[in-house]
A.B. asks: 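The structure that follows is given in the form of structure tokens.
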Amino acid sequence: MLELYGTKLESRLLLGTARYPSPAVLTEAVRAARAEVVTVALRRESGGERRGEGFWSIIRGLNVRVLPNTAGCHSVKEAVTTAHMAREVFATTWIKLEVIGEDDTLQPDPFGLAEAARLLCAEGFEVFPYTTEDLVVAERLLSAGCRVLMPWGSPIGSGRGLNNLFGLTALRAHFPAVPLIIDAGIGVPSHAARALELGFDAVLINTAIAQARDPVGMAAAFAQAVEAGRAARLAGPIEPRDLAEPSTPVIGTAFRG
Amino acid sequence: MKILLNGAWRETAAGELSALLEELGLAGAVVATAVNGEFVAAAVRAHAALSEGDRVEVLAPMQGG
């Protein structure tokens with residue numbers, strides 16, 4: 001069973017809530033994915049139409065845990081203030097910490113990320129840092145107090161899957177006991193299955209499901225892939241070989257010798 | 001006086017953050033607030049005085065990835 005900051009979860013598929021065609025489809029997709037954790041955000045609200053409350057009541061109706069993010073923050077200060085605001089609105093100490101360093105790739109600013117993580121962990125937040133596969137950054141985040149890491153597969157929304165297999169495999173091997181959640185870049189269920197086969201603990205999916213032609217169908221497909229990947233990991237995959245090895249026994253082969 | 005509300009200049013008669021939220025039709029709404037980059041908890045909005053040129057952020061729950 002997956003355990004994140006003391007919370008035990010059956011599902012290893014975490015869902016983003018953005019870019020769905022409608023709230024009804026989002027609701028059905030969360031159910032089809034059998035997700036227990038969804039990410040949410042804060043955005044400006046200047047008028048009295050209270051759009052945020054409508055969304056929030058839908059999420060509360062799903063009976064899942066929320067993981068607020070600091071998406072769009074480009075500095076330590078912005079991220080820390082957003083985390084404070086999210087803690088009050090969503091009544092949770094969980095925070096998916098994003099400090100964006102570059103707009104074309106939306107890749108994390110590792111320096112700002114480590115600093116923001118240090119400040120927030122010291123205040124009692126339970127930080128889920130959106131990071132790269134860099135081992136040194138991961139060490140810094142852990143020494144800042146993070147007990148979960150969220151390395152990217154590839155840039156957010158790109159659908160390119162696990163871009164740096166070597167780096168991600170090394171990260172998994174180097175931190176065997178730290179929950180690692182692949183966040184960002186997963187495009188199709190086979191990417192998710194691969195992540196779980198490699199020993200990652202969970203995946204967070206948004207665009208690949210929300211923007212699919214049938215998001216509910218895709219959510220169900222991802223749920224199966226994540227379960228299959230995890231089962232395969234536990235079952236112990238064989239090592240790849242460079243040359244063929246006959247699967248049918250060669251002793252007693254007809255017409256030979 | 002003029003304040004910068006969510007990135008746009010706005011004329012307001014509100015002396016405190018709580019009065020501004022009332023003016024906006026957001027009294028009692030599920031929102032979080034910050035003034036000049038610092039979080040202001042809901043419990044202290046009534047005492048959070050606003051000044052000319054203050055940068056006020058009012059944020060609500062929204063879809064996120």
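All values below come from the heavy atoms of this structure, side chains included, with hydrogens, waters and symmetry mates left out. Below, chains carry the letters A, B, ... as their sequence lines are ordered, and counting in each starts from 1.
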A.B. asks: For the residue pair A/Met85 and B/Thr33, what are the closest heavy atoms and their distance?
C.D. replies: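 So the two residues come closest at CE-C, 3.4 Å.
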A.B. asks: Show the nearest heavy-atom pair for residues B/Val31 and A/Val89, with the distance to one decimal.
C.D. replies: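 Reported closest heavy-atom pair: C-CG2, 3.7 Å.
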A.B. asks: Using non-hydrogen atoms and a 4.5 Å limit, figure out which bit of A/Tyr130 sits close to chain B: side chain, backbone, both or neither.
C.D. replies: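 Contact with chain B involves no heavy atom of A/Tyr130 at all.
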A.B. asks: Just wondering, more than 12 heavy atoms not from A/Arg60 lying within 6.0 Å of its CZ?
C.D. replies: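 Result for CZ/A/Arg60: enclosed.
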A.B. asks: Counting heavy-atom pairs under 4.5 Å to chain B, which of A/Leu15, A/Thr82, A/Asn206, A/Thr17 comes out on top?
C.D. replies: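 If we count pairs closer than 4.5 Å to chain B, A/Thr17 comes out on top.
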A.B. asks: Would you call A/Glu45 and B/Leu59 a side-chain contact if the rule is heavy atoms closer than 4.5 Å?
C.D. replies: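 A side-chain contact under 4.5 Å is absent here.
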A.B. asks: Between A/Asn69 and B/Gly65, which heavy-atom pair has the shortest distance, and what is it?
C.D. replies: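 Heavy-atom minimum between the residues: ND2-O, 2.7 Å.
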A.B. asks: Verify the neighbour count for atom OH of A/Tyr5: are there more than 12 heavy atoms of other residues, nucleotides or ligands below 6.0 Å?
C.D. replies: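 Counting neighbours around OH of A/Tyr5, more than 12 heavy atoms of other residues, nucleotides or ligands fall under 6.0 Å, so yes.
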A.B. asks: Given that the side chain runs from C-beta out, which part of B/Ala42 has a heavy atom under 4.5 Å from chain A: side chain, backbone, both or neither?
C.D. replies: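 Both backbone and side chain.
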A.B. asks: Mind listing the closest non-hydrogen atom pair of B/Ala34 and A/Thr81 along with its distance?
C.D. replies: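 It is CB-CG2, 4.0 Å.
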A.B. asks: Pick whichever of A/Pro23, A/Gly52, A/Pro68, A/Ala41 has the most heavy-atom pairs under 4.5 Å with chain B.
C.D. replies: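 Among the listed options, the one with the most contacts to chain B is A/Ala41.
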A.B. asks: Any sub-3.5 Å donor-acceptor pair from A/Arg43's side-chain atoms to B/Met62's backbone N or O?
C.D. replies: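 Not a single qualifying donor-acceptor pair exists.
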A.B. asks: Quick one: does A/Arg50's side chain have a donor or acceptor within less than 3.5 Å of a partner on B/Gly25's backbone?
C.D. replies: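 Between the backbone of B/Gly25 and the side chain of A/Arg50 there is a qualifying donor-acceptor contact (under 3.5 Å).
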A.B. asks: Got B/Phe39 and A/Arg87 here, is their nearest side-chain heavy-atom distance under 4.5 Å?
C.D. replies: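 With C-beta onward as the side chain, the pair stays apart.
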A.B. asks: Out of A/Ala83, A/Gly47, A/Gly54, A/Ala184, which one racks up the most heavy-atom pairs below 4.5 Å with chain B?
C.D. replies: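 Most heavy-atom pairs under 4.5 Å with chain B: A/Gly47.
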A.B. asks: Within the structure provided, determine whether A/Ser46 and B/Leu5 are in side-chain contact (heavy-atom separation under 4.5 Å).
C.D. replies: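 SC-SC contact between A/Ser46 and B/Leu5 confirmed.
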A.B. asks: Between CG of A/Leu26 and CD of B/Gln63, what distance do you get to the nearest 0.5 Å?
C.D. replies: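 CD of B/Gln63 is found 7.5 Å from CG of A/Leu26.
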A.B. asks: What part of A/Glu78 gets closer than 4.5 Å to chain B, counting heavy atoms only: side chain, backbone, both or neither?
C.D. replies: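 It is neither, since no heavy atom gets under 4.5 Å.
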